[in-house]
Protein chains: 2
Amino acid sequence: MKSFYSRFDFQSNLLFEALTTAEKKTVYNAMESLSIKKGSLLFYEEGIPTGIFQIKKGKAKKIKKGFSGSEQIFYIYTTGDVLGYHALFGEERYQDSCEALEDLEVNFIAKDVFFQLLKSIPRLQQTFIKNIGHEFGVLANIIAVLAQKNLNARLAINLLILNNRFQKQYKAGSGIDLTREDLANVIGTSPESLGRCLKYFKDQGSIEVDKRVIYIKNEESLFQLLNSSS
Amino acid sequence: MKSFYSRFDFQSNLLFEALTTAEKKTVYNAMESLSIKKGSLLFYEEGIPTGIFQIKKGKAKKIKKGFSGSEQIFYIYTTGDVLGYHALFGEERYQDSCEALEDLEVNFIAKDVFFQLLKSIPRLQQTFIKNIGHEFGVLANIIAVLAQKNLNARLAINLLILNNRFQKQYKAGSGIDLTREDLANVIGTSPESLGRCLKYFKDQGSIEVDKRVIYIKNEESLFQLLNSSS
DNA sequence: TTTTAAACATAACAAATGTTATGTTTTTAC
DNA sequence: GTAAAAACATAACATTTGTTATGTTTAAAA
């Protein structure tokens with residue numbers, strides 16, 4: 001049985017980890033450095049793929065526009081994560097958009113260069129395709145949570161997931177720093193209803209909030225919501 | 001802009017369509033025929049992949065177990081659909097389970113045979129990987145619907161999707177024939193709440209129900225729910 | 001066919017969530 | 001640093017959805 005966190009984590013920060021030191025060097029030599037401003041897009045739905053990205057520093061949200069123009073956030077990438085490769089393997093357009101949540105430093109590998117890397121390092125293709133399969137399972141898990149859990153439980157799960165993901169990249173206890181609107185767009189509710197849940201968790205002592213940053217104070221109480229509520 | 005239906009359809013019935021007549025023949029010669037009883041599993045989460053399946057006749061549900069043991073249905077396959085290949089490309093275990101909704105006739109291609117086919121027909125691998133990319137986008141769309149739409153809208157959308165999918169495979173006007181529990185597990189609610197929505201649609205003249213089969217009588221009225229409701 | 005179990009329809013009530021509104025705090029832009 | 005805009009907190013009320021309960025219909029088993 002996989003751990004709780006890996007069921008909800010793309011693990012796209014580990015894509016180059018299976019390589020030898022020499023291979024890694026080849027990959028990192030192929031990268032060029034980019035700076036991306038907060039609020040701008042790394043790529044967008046229906047756009048033509050240009051290459052893949054690795055985040056050196058910062059956070060980015062992967063979003064899909066709904067019918068009513070509202071955006072659904074289905075993943076938040078952090079430092080070390082590699083993204084943008086689905087569309088390259090499929091030789092098709094991007095299926096979703098990715099927006100910088102803060103000023104980003106990223107490494108970029110252009111499409112042609114990436115395909116050359118895949119040729120020279122055969123293991124790489126399998127690693128990527130394997131990860132796409134894993135990500136597929138992650139999305140299925142996200143669907144199950146959204147469809148089956150009430151708001152408190154959805155928030156609890158996502159706070160745990162985000163806290164874990166941000167801790168890996170920043171330091172432990174760094175907290176969850178997202179706008180209320182973004183967090184609401186992750187768990188599928190309005191900022192107002194989100195606020196009510198946050199207040200409930202605060203009163204209960206599960207979390208503390210400073211400015212907009214959320215700190216988890218009692219993981220256990222949040223985990224308890226997973227199994228119970230409908 | 002993609003059509004409404006293709007945004008929610010895996011299109012896994014078209015995987016062999018890009019092949020030449022000769023290539024198709026090679027593929028179909030590699031298949032062996034199986035009969036699968038209603039309620040039994042084609043494969044299950046964490047199981048070791050054995051090959052891929054194509055449904056010759058019948059329907060099957062792709063499910064993921066939640067925490068509380070409840071099942072989430074995130075796709076329903078019908079006649080012609082090919083499934084079970086994600087795990088093979090990733091060389092990992094199945095990420096989800098697939099259960100027959102009625103007695104099935106399926107074609108099976110064993111793992112080794114499938115890999116041989118990929119070698120002898122190079123285009124095939126790209127077609128499959130491209131489709132996995134497409135399916136990724138479908139799951140993201142499903143997430144957006146579950147997170148953003150109220151129960152009426154979720155039901156309306158899924159009735160349209162299922163009606164479209166079943167019509168393609170059976171004949172037009174064949175209706176939607178699922179247990180209330182399965183349909184509830186698609187849209188993320190209880191059978192009781194589902195019943196209330198169905199009654200509302202019936203009273204409104206959007207659908208008719210005979211036994212448990214649902215017939216759409218006014219597509220337009222269901223489509224109107226897409227853009228409006230939150 | 002008869003019996004038994006499963007599935008379905010519906011209603012009343014409880015609980016959760018959405019919405020609107022108002023005032024405050026924090027961030028951004030100049 | 002100051003002004004303007006955005007983000008946030010909270011409450012009251014409306015609406016939606018969940019839950020429990022009961023009787024009926026349909027499908028499965030004997």
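The figures here come from the full heavy-atom set of this structure, side chains too, leaving out hydrogens, waters and symmetry mates. Proteins come first, then strands; the chains are lettered A, B, ... in the order of their sequence lines, and each starts at number 1. What you see is a predicted model, and the numbers here were worked out from it, not measured in a lab.
- Atoms CG and CG, on L183(B) and L155(B) in that order, are 6.0 Å from each other to the nearest 0.5 Å.
- The main-chain N or O of S190(A) is never found under 3.5 Å from a side-chain atom of S193(A) such that the two would form a donor-acceptor pair.
- Using modelled atom types, one side-chain atom of D81(A) and one backbone atom of T78(A) make a donor-acceptor pair closer than 3.5 Å.
- The distance between atom CG of L183(B) and atom P of dA9(C), rounded to the nearest whole Å, is 11 Å.
- Distance D182(A) CG to dA6(D) P: 15 Å, rounded to the nearest Å.
- The separation between L101(B) atom CG and dA27(D) atom P is 16 Å, rounded to whole Å.
- For the pair R93(B) and E46(B), the salt-bridge criterion is not met [side-chain N within less than 4.0 Å of a carboxylate O].
- The separation between R154(B) atom CZ and dG18(D) atom C1' is 12 Å, rounded to whole Å.
- Atom CD of E181(B) is separated from atom P of dA27(D) by 17 Å (rounded to the nearest Å).
- Side chains of S6(B) and Q11(B) form a contact here, defined as non-hydrogen atoms less than 4.5 Å apart.
- Of the inter-residue distances, the one linking L162(A) atom CG with K59(A) atom NZ reads 9.5 Å to the nearest 0.5 angstrom.
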**OP:** Please assess F53(B) against Y77(B) for the test ring-ring contact (aromatic ring centres under 6.0 Å, His included), listing each intermediate value before the final yes or no.
**Re:** CA-CA 11 Å; F53(B) 303 85; Y77(B) 288 101; over 10 Å; no

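- The separation between N150(A) atom CG and dA14(C) atom P is 19 Å, rounded to whole Å.
- Remark: E192(A), K199(A), K202(A) in residues 187-209 of chain A come within less than 4.0 Å of DNA chain D through at least one heavy atom.
- K56(A) contributes no side-chain N or O that, together with a main-chain N or O of N107(A), makes up a donor-acceptor pair within less than 3.5 Å.
- If you measure from atom CD of E102(B) to atom P of dA28(D), you get 12 Å, rounded to the nearest angstrom.
- When rounded to the nearest whole Å, the span between NZ of K149(B) and P of dG18(C) equals 13 Å.
- Of the inter-residue distances, the one linking L178(A) atom CG with E102(A) atom CD reads 9.0 Å to the nearest 0.5 angstrom.
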**OP:** List the protein contact pattern of nucleotides 23-30 of chain C with one symbol per nucleotide (5' to 3'): B for base contact, S for sugar-phosphate-only contact, - for none; contact means a heavy-atom distance under 4.0 Å.
**Re:** ---S-S--

